[in-house]
Enquirer: 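Take this structure first; my questions come after.
Throughout, protein chains are lettered first and strands after them, A, B, ... in sequence-line order, and every chain is numbered starting at 1. This is a predicted model, so every value here is computed, not measured. Below, each value reflects all heavy atoms present in this structure, side chains not excepted, and no hydrogens, waters or symmetry copies.
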Amino acid sequence: MTRLSLLKPAHIRKFQKTVYDYHRKYGRILPWRKTADPYKILVSEVMLQQTQVSRVIDRYQQFVNTFPTIKFVASSSLHEILFVWKGLGYNRRAHSLKRLAEIIVTEYNSRIPSDFELLVNLPGIGKATANAILAFAFKKPVVFIETNIRTVYIVHFFDGRKSVDDNEIYPLVAQSLDMQKPKEWYSALMDYGVFLKKKFSNPSRKSTHYKKQSPFKGSNRQVRGKIIRILVEEGRLTEKQLLERVTFREEMVRTNMKKLKGEGLIIKKGKYIIIG
DNA sequence: GTCCCGCTTA
DNA sequence: TAAGCAGGAC
């Protein structure tokens, strides 16, 4: 247990200066930082879940060009949405985004809520994403942690520690938060975190939150990904055609088709299987 | 706790 | 070849 729970004001100012100095010199220019549209910021946050910034930039541009407002997402088919999503991975996010859009259009008059409880109850929006939307879209001084933020605090305040829990980090995030400019502060913090990660070879491994992911090759994730990709490209296929195209063990393909059907990502229409 | 995706970088 | 990614749902 650390006893760093209360920081001195001078210490806080010095830390903030370090972060802001880095940001002034090396801060990233990102398309979703140029807009004030909460919808577009929400799209970026969902895309950025477990996905590198460099891979999101083009998809984000393409997505907001294709679907300029949340009404376009709500009224488009999942197939149209997945067509733009293709290659980003975690296809459930695209499904969540469509369901979320339908809820916001029908229940919230097409406006993104600026309330944590309302946001976090939307499909595909958890604690981190809800708070990121509040900070970046509504400039609210919320306290939250994601992987880059975690890295910064572990490096600066837990040097020498082998294991750090998020509950030890939250008070420090709260105390060092720039209440006047939460959007700029969190942008700077994340940019700085990316830098520290390269410099110290992923300090987040010291987090109790850290977890290594299971191998991708031969996994259900790979099979699911392939099923979705082929259906997005071909539009519709019979079960027989799909089994021919997805070159994995037939039993494994059938199992994953059932799961995808259960989740609403694919459906059976007549003799064809199509994107939900 | 496990599962969900696919790409870049080292 | 492996690591890791502006996490979420169950």
Side-chain angles (χ1 to χ4, degrees), chain A residues 23 27-28 30-33 40-60 82 85-97 99-100 119-137 142-153 166 173 182-232 246 248 252 255-256 259-260 262-266:
Chain A
H23 187 245
R28 297 172 293 180
L30 303 171
W32 46 88
R33 287 183 180 173
K40 293 179 181 173
I41 291 170
L42 184 151
V43 169
S44 76
E45 288 303 329
V46 173
M47 286 187 169
L48 286 161
Q49 291 167 358
Q50 292 290 285
T51 310
Q52 274 96 344
V53 164
S54 59
R55 294 182 48 217
V56 168
I57 292 174
D58 286 344
R59 295 301 170 164
Y60 166 81
L82 277 171
W85 197 268
K86 197 168 46 179
L88 262 185
Y90 292 119
N91 296 306
R92 286 196 292 211
R93 292 183 296 176
H95 189 218
S96 297
L97 206 47
R99 291 192 292 143
L100 164 166
L119 283 170
V120 83
N121 279 313
L122 293 168
I125 307 291
K127 267 172 59 180
T129 304
N131 279 317
I133 291 167
L134 291 174
F136 293 131
V142 291
V143 174
F144 73 105
I145 295 175
E146 50 70 65
T147 183
N148 295 322
I149 297 172
R150 183 179 294 119
T151 295
V152 174
Y153 286 88
D166 280 355
V173 176
K183 177 175 181 175
E184 288 74 7
W185 171 246
Y186 277 115
S187 298
L189 212 43
M190 289 181 185
D191 288 354
Y192 187 49
V194 172
F195 163 70
L196 291 180
K197 230 171 254 186
K198 290 178 193 164
K199 191 174 175 185
F200 295 108
S201 68
N202 197 11
S204 276
R205 276 187 282 203
K206 292 198 285 186
S207 169
T208 57
H209 186 85
Y210 172 78
K211 230 188 186 68
K212 214 175 133 183
Q213 298 201 354
S214 57
F216 177 63
K217 225 178 348 184
S219 68
N220 287 321
R221 293 189 341 260
Q222 188 178 16
V223 178
R224 287 167 57 103
K226 193 155 188 181
I227 292 172
I228 296 297
R229 183 167 60 78
I230 289 172
L231 281 175
V232 167
V246 185
F248 283 87
M252 194 172 181
T255 303
N256 280 286
K259 283 202 278 185
L260 286 168
E263 292 173 38
L265 276 164
I266 65 176

Enquirer: Base of B:dG6, side chain of A:Arg55 - is there a donor-acceptor contact under 3.5 Å?
Expert: yes
Enquirer: When you compare the side chains of A:Arg59 and A:Thr51, does any donor N or O come within less than 3.5 Å of an acceptor on the partner?
Expert: no
Enquirer: Using a heavy-atom cut-off of under 4.0 Å over every strand shown, decide if A:Ser54 touches base, sugar-phosphate, or nothing.
Expert: nothing
Enquirer: Check if the side chain of A:Gln50 and the base of B:dC7 share a donor-acceptor pair of N or O atoms closer than 3.5 Å.
Expert: no
Enquirer: In whole Å, measure the gap between the C1' atoms of C:dA3 and B:dC5 for me.
Expert: 15 Å
Enquirer: Checking all strands, does A:Arg28 fall into the base, sugar-phosphate, or nothing category for heavy-atom contacts under 4.0 angstrom?
Expert: base
Enquirer: One thing to verify: whether A:Asp166 and A:Lys127 come together as a salt bridge, which I'm taking to mean a side-chain N less than 4.0 angstrom from a carboxylate O.
Expert: no
Enquirer: Taking the nucleotide of DNA chain C with the closest heavy atom to each, which residue, A:Thr51 or A:Lys127, is nearer the 5' end?
Expert: A:Thr51
Enquirer: Check every atom of C:dG4, B:dC4, C:dA3 against the side chain of A:Lys212 and return the nucleotide holding the closest atom.
Expert: C:dA3
Enquirer: Just call it for A:Arg33: base, sugar-phosphate, or nothing, with non-hydrogen atoms closer than 4.0 Å on any strand.
Expert: base
Enquirer: Examine the side chains of A:Ser187 and A:Arg28 and answer whether a donor and an acceptor come within less than 3.5 Å of each other.
Expert: no
Enquirer: Can you figure out which of C:dG8, C:dA6, B:dC4 approaches the side chain of A:Met190 most closely?
Expert: C:dA6
Enquirer: Looking for any heavy atom pair under 4.0 Å, which part of the strands does A:Ile149 touch: base, sugar-phosphate only, or nothing?
Expert: nothing
Enquirer: With heavy atoms under 4.0 Å as the rule, sort A:Phe144 into base, sugar-phosphate or nothing.
Expert: nothing
Enquirer: Please pick, from B:dC3, C:dG4, B:dG6, the nucleotide with the shortest atom-to-atom distance to any side-chain atom of A:Asn202.
Expert: C:dG4
